[in-house]
Number of protein chains: 2
Amino acid sequence: MTTTPSTDVPGVRELAARHGIPVDRGCAAAEATSEVRSVLDRVGDKWSVLILGTLSGGPQRFTELLHGVDGISQRMLTLNLRQLERDGLVSRTVHPVVPPRVDYALTDLGATLLPPVLALVEWALENTGTIRNHRDGFDSRRAAAG
Amino acid sequence: MTTTPSTDVPGVRELAARHGIPVDRGCAAAEATSEVRSVLDRVGDKWSVLILGTLSGGPQRFTELLHGVDGISQRMLTLNLRQLERDGLVSRTVHPVVPPRVDYALTDLGATLLPPVLALVEWALENTGTIRNHRDGFDSRRAAAG
DNA sequence: CGGAATCCACAAGGATACTG
DNA sequence: CAGTATCCTTGTGGATTCCG
């Protein structure tokens with residue numbers, strides 16, 4: 001195939017055009033500069049997705065999240081929750097009791113983020129085998145060459 | 001379920017169940033261990049999405065990508081392309097000419113990844129304003145408190 | 001031209017200890 | 001309980017140089 005990908009890829013330019021984004025040289029500049037980056041960062045973040053996924057089952061307290069999200073440190077949980085709260089994806093409600101009780105929950109905005117993320121997760125699940133095969137092939141080819 | 005988010009979030013558990021993933025404590029363990037992580041990592045990666053997006057317009061040579069993806073270093077481009085190639089998302093064809101010519105293109109698999117990613121990008125574009133508002137509010141509240 | 005190798009700066013993140 | 005503060009190790013990525 002010399003010129004175009006065999007599967008017609010929908011969307012990149014159309015999407016950009018619909019949102020008034022100048023598509024110069026593969027729309028790289030547009031994505032890099034905008035806040036789109038920060039959203040993608042959060043998705044790529046090891047913990048954010050896990051936290052969001054956990055909260056999709058209902059509100060949780062700090063300690064519940066700490067034990068629910070496997071392997072996260074207290075520090076990282078705090079930092080991530082602050083980020084998510086700052087973006088309005090997660091709400092934080094402090095109950096003025098002693099000992100302190102803080103509940104975290106998905107906001108409406110946070111809930112709308114989940115489906116696109118899950119679509120991505122589903123893609124990953126569906127193509128795990130294919131990807132694994134590619135990697136194995138790539139690695140053994142490398143081993144043979146190296 | 002006694003306490004649910006106001007918007008009903010579709011999917012997390014159903015998705016897991018469909019793929020035979022044990023959902024213990026918010027499906028955190030499942031996601032953390034599988035190769036789903038590596039896919040999300042690539043999406044969160046600053047450059048991968050940009051490269052994929054650029055290649056959606058058709059094959060490109062190394063140098064074209066280097067200049068097309070704004071701000072990327074030679075090293076990072078090489079590293080990212082290797083990753084993408086290893087996963088079978090991008091193809092690499094070397095033309096035995098001098099000076100060397102190497103073309104990179106989206107594979108069929110790579111093309112199928114784009115729509116989910118674009119869905120996410122679209123979400124980001126649609127909610128940029130809302131997020132910005134949340135951040136501003138959060139920051140000014142912090143400033144007032146601090 | 002398309003890389004690979006080396007060096008280095010800085011940021012991310014874990015562990016631990018302390019506090020309201 | 002729900003954090004904050006500090007330390008310290010590791011990873012990440014840019015700049016530079018060299019090579020087929």
Side-chain angles (χ1 to χ4, degrees), chain A residues 28 31-32 37-38 40-51 54-55 59-86 90-105 138-139 141-143 145-146, chain B residues 28 31-32 37-38 40-51 54-55 59-86 90-105 138-139 141-143 145-146:
Chain A
E31 283 193 345
R37 232 344 44 246
S38 64
L40 294 185
D41 283 345
R42 206 127 302 132
V43 172
D45 188 84
K46 184 177 182 180
W47 303 118
S48 298
V49 242
L50 261 31
I51 295 174
T54 302
L55 287 179
Q60 307 245 341
R61 327 180 33 170
F62 186 84
T63 321
E64 289 179 314
L65 284 171
L66 191 57
H67 295 93
V69 179
D70 203 62
I72 197 173
S73 66
Q74 200 178 41
R75 174 187 153 87
M76 279 302 101
L77 181 56
T78 304
L79 259 43
N80 272 280
L81 284 172
R82 287 291 166 281
Q83 272 307 145
L84 295 170
E85 186 195 356
R86 189 173 107 102
V90 158
S91 67
R92 176 174 180 270
T93 44
V94 184
H95 298 92
V97 295
V98 35
R101 177 195 177 95
V102 180
D103 281 337
Y104 291 92
F138 184 88
D139 291 346
R141 247 174 281 130
R142 288 238 126 182
Chain B
E31 284 193 345
R37 215 30 351 268
S38 65
L40 294 185
D41 282 345
R42 205 125 307 131
V43 172
D45 188 84
K46 184 177 180 180
W47 303 119
S48 298
V49 237
L50 261 30
I51 295 173
T54 302
L55 287 178
Q60 306 245 341
R61 321 180 39 166
F62 186 84
T63 321
E64 288 179 316
L65 284 172
L66 191 57
H67 295 92
V69 179
D70 204 62
I72 196 172
S73 67
Q74 200 179 41
R75 174 186 154 88
M76 280 302 102
L77 182 56
T78 304
L79 260 44
N80 273 279
L81 285 172
R82 287 290 166 281
Q83 273 305 148
L84 295 170
E85 187 196 356
R86 191 172 105 101
V90 157
S91 69
R92 176 173 179 269
T93 44
V94 183
H95 298 90
V97 296
V98 33
R101 178 197 176 93
V102 181
D103 281 338
Y104 290 92
F138 184 88
D139 291 347
R141 248 174 282 129
R142 287 239 126 182

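Per chain, numbering begins at 1; letters A, B, ... match sequence-line order. Keep in mind that this is a model prediction, so the values were computed, not measured.
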Note: B:Leu81 and B:Ile51 closest approach over all heavy atoms is CD2-CG2, 4.0 Å

Measure from the side-chain heavy atoms of B:Trp47 and tell me the nearest of D:dC1, C:dA4, D:dG14. D:dG14

Show the numbers, then the answer: is there a side-chain hydrogen bond (donor to acceptor under 3.5 Å, both in side chains) between A:Thr93 and A:Asp103? CA-CA 5 Å; A:Thr93 44; A:Asp103 281 337; 4.8 Å; no

Would you indicate, yes or no, if D:dG3 has its OP1 or OP2 atom less than 4.0 angstrom from a side-chain nitrogen or oxygen of A:Tyr104? yes

Whole angstroms only, please: what is the CZ-P distance between A:Arg101 and D:dC1? 12 Å

Please state how far atom CD1 in B:Ile51 lies from atom C1' in D:dG13, giving the value in whole angstrom units. 14 Å

Name the closest nucleotide to the B:Arg61 side chain, picking from C:dG3, C:dC1, D:dA2. C:dC1

Spacing between B:Arg92 atom CZ and C:dC1 atom P, to the nearest angstrom: 16 Å

Could you give the CG-to-C1' distance, from B:Leu66 to C:dG3, as a whole number of Å? 11 Å

Taking DNA chain C as the partner, which of residues 71-83 of chain B come within under 4.0 angstrom of it by heavy atom? B:Gln74, B:Arg75, B:Thr78, B:Arg82

For B:Arg61, all residues meeting salt bridge (Lys or Arg N to Asp or Glu O under 4.0 Å), sequence neighbours excluded: none

How close or far is atom P of D:dC1 from atom CG of A:Leu65, stated in whole angstroms? 14 Å

Whole-Å distance, A:Gln60 CD to D:dG3 P, equals 14 Å

